[in-house]
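Let me begin by presenting the structure, written as structure tokens, before commenting on it.
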Amino acid sequence: MMVGTIVVTHGGIGKELVRAVQTIVREPNPLVGVALEQSESVDQMRHKIEQAIREMDSGEGVLLLSDMFGGTPSNLCLSFLKEGKVEVVTGVNLPMLIKMASLKEKKSLEEIADFIKNYGQKNIARATEVLHGNRS
């Protein structure tokens, strides 16, 4: 069993990120995107997230990754927080998802959430700093 990962974003950004990951990491993994559309009601959006959580929860927990803290996707995700069962990390990016999809180590949901948050932050770079060896 593995932690399920759900990418919840404004519009189809998350679904496209998931599609990119599945192209790069060809192994099956519990990863799905949920697109929240401006035309939907809050109840419809909540239902989509809730349904995805049910589908992705194999008993190890579910990690919700949203595009930005304070936006509708993250605000709705926060309403599903449940210690040891559902965790939320915001600021999703492609390196985070690729790492998540290729994780082989057994970790708790909290450990994975911390690891992925830090991994995503480390993969934000200014090219000039990297090229000149000044990256911290």
Side-chain angles (χ1 to χ4, degrees):
M1 289 194 287
M2 298 173 64
V3 167
T5 306
I6 304 169
V7 183
V8 184
T9 61
H10 292 87
I13 299 167
K15 285 189 171 192
E16 289 302 316
L17 285 170
V18 167
R19 191 170 66 83
V21 169
Q22 291 169 339
T23 301
I24 297 166
V25 180
R26 295 182 178 263
E27 298 174 29
N29 51 70
L31 173 65
V32 68
V34 172
L36 302 183
E37 303 297 337
Q38 198 171 18
S39 60
E40 296 174 315
S41 70
V42 170
D43 286 342
Q44 289 172 313
M45 293 180 198
R46 281 188 52 78
H47 177 73
K48 288 166 83 173
I49 298 169
E50 191 172 36
Q51 185 176 355
I53 290 171
R54 265 189 261 119
E55 291 171 7
M56 300 303 288
D57 188 5
S58 64
E60 297 289 317
V62 174
L63 181 61
L64 299 174
L65 299 170
S66 68
D67 47 11
M68 65 179 203
F69 190 82
T72 300
S74 71
N75 290 341
L76 289 173
C77 286
L78 294 175
S79 69
F80 291 98
L81 271 173
K82 190 172 184 182
E83 191 171 333
K85 300 287 184 188
V86 178
E87 184 58 78
V88 178
V89 175
T90 64
V92 67
N93 61 39
L94 189 57
M96 292 166 76
L97 292 176
I98 291 170
K99 190 59 157 179
M100 191 68 202
S102 57
L103 269 180
K104 302 288 185 221
E105 304 165 45
K106 179 84 174 152
K107 295 180 183 220
S108 71
L109 177 60
E110 287 75 21
E111 291 170 328
I112 289 173
D114 282 341
F115 175 78
I116 286 300
K117 181 195 83 169
N118 292 329
Y119 190 83
Q121 290 172 337
K122 286 179 185 171
N123 280 282
I124 297 171
R126 181 173 164 216
T128 305
E129 291 174 348
V130 174
L131 295 172
H132 292 124
N134 296 330
R135 186 171 186 198
S136 55

Problem set entry | V25 side chain reached by L97 side chain, heavy atoms, under 4.5 Å | no
Problem set entry | Backbone N/O of G84 and side chain of E110: donor-acceptor pair under 3.5 Å | yes
Problem set entry | Single-linkage hydrophobic cluster, 4.5 Å side-chain cutoff, V34 and V21 together | no
For this session: Would you name the heavy atoms of Q44 and S39 that are closest together and state the gap between them?
Result: OE1-O, 4.4 Å
Exercise. Do V32 and M100 share a hydrophobic cluster (ILVMFWY, side-chain heavy atoms under 4.5 Å, transitive)?
Worked result: no
Problem set entry | Heavy atoms from other residues, nucleotides or ligands near CZ of R54 exceed 12 (cutoff 6.0 Å) | yes
For this session: Indicate the atoms forming the closest heavy-atom contact of V7 with G14, along with that distance.
Result: CG1-CA, 3.6 Å
Problem set entry | Between OG1 on residue T72 and CD on residue E37, distance to nearest 0.5 Å | 12.0 Å
Exercise. Do other residues, nucleotides or ligands put more than 12 heavy atoms under 6.0 Å from K107 NZ?
Worked result: yes
For this session: Would you check if the side chain of T5 reaches a backbone N or O of L31 as a donor-acceptor pair within less than 3.5 Å?
Result: no
For this session: Would you indicate whether the side-chain heavy atoms of F115 and V89 approach each other to under 4.5 Å?
Result: no
For this session: Mind listing the closest non-hydrogen atom pair of T90 and S74 along with its distance?
Result: CG2-CB, 3.8 Å
For this session: Look at the side-chain heavy atoms of Ile, Leu, Val, Met, Phe, Trp and Tyr, link any pair under 4.5 Å apart, and say whether L64 and M56 land in one connected group.
Result: yes
Problem set entry | Gap separating the CD1 atom of I98 from the CD atom of Q22, nearest 0.5 angstrom | 11.5 Å
Exercise. What is the distance from atom OH of Y119 to atom CG of N93, rounded to the nearest 0.5 Å?
Worked result: 9.0 Å
Problem set entry | 4.5 Å side-chain heavy-atom contact, F80 and K85 | no
For this session: Evaluate whether atom NZ of K48 has more than 12 neighbouring non-hydrogen atoms of other residues, nucleotides or ligands under 6.0 angstrom away.
Result: yes
Exercise. Taking the side chain as C-beta and beyond, is there a heavy-atom pair between M96 and N123 under 4.5 Å?
Worked result: no
Exercise. Do you know the tightest heavy-atom contact between C77 and V88?
Worked result: O-CG2, 3.6 Å
Exercise. Hey, are the side chains of E40 and H47 touching, using non-hydrogen atoms and a 4.5 Å cut-off?
Worked result: no
For this session: Keeping the roles fixed (side chain from D67, backbone from H10), state whether a donor-acceptor pair exists under 3.5 Å.
Result: yes
Exercise. Within the side chain of S66, is there an N or O that forms a donor-acceptor pair under 3.5 Å with the backbone of V8?
Worked result: no
Problem set entry | Same apolar cluster: I6 and V42, side chain cutoff 4.5 Å | yes
Problem set entry | Closest approach of V86 to L81 (non-hydrogen atoms, all atoms of both residues) | O-CD2, 3.6 Å
Exercise. Do L65 and L17 come within less than 4.5 Å of each other through their side chains, counting heavy atoms only?
Worked result: no
Exercise. In terms of hydrophobic clusters joined by side-chain contacts under 4.5 Å, are M45 and I53 together?
Worked result: yes
Problem set entry | Ionic contact status for K117 with E87, cut-off 4.0 Å | no
For this session: Taking all non-hydrogen atoms of both residues into account, name the closest pair between N29 and A101 and its distance.
Result: ND2-CB, 3.5 Å
Seminar exercise, completed: d(M2 CE, L103 CG) to nearest 0.5 Å is 7.5 Å
Exercise. Say you draw a straight line from CD1 of I116 to CD of E111; how long is it, rounded to the nearest 0.5 Å?
Worked result: 12.5 Å
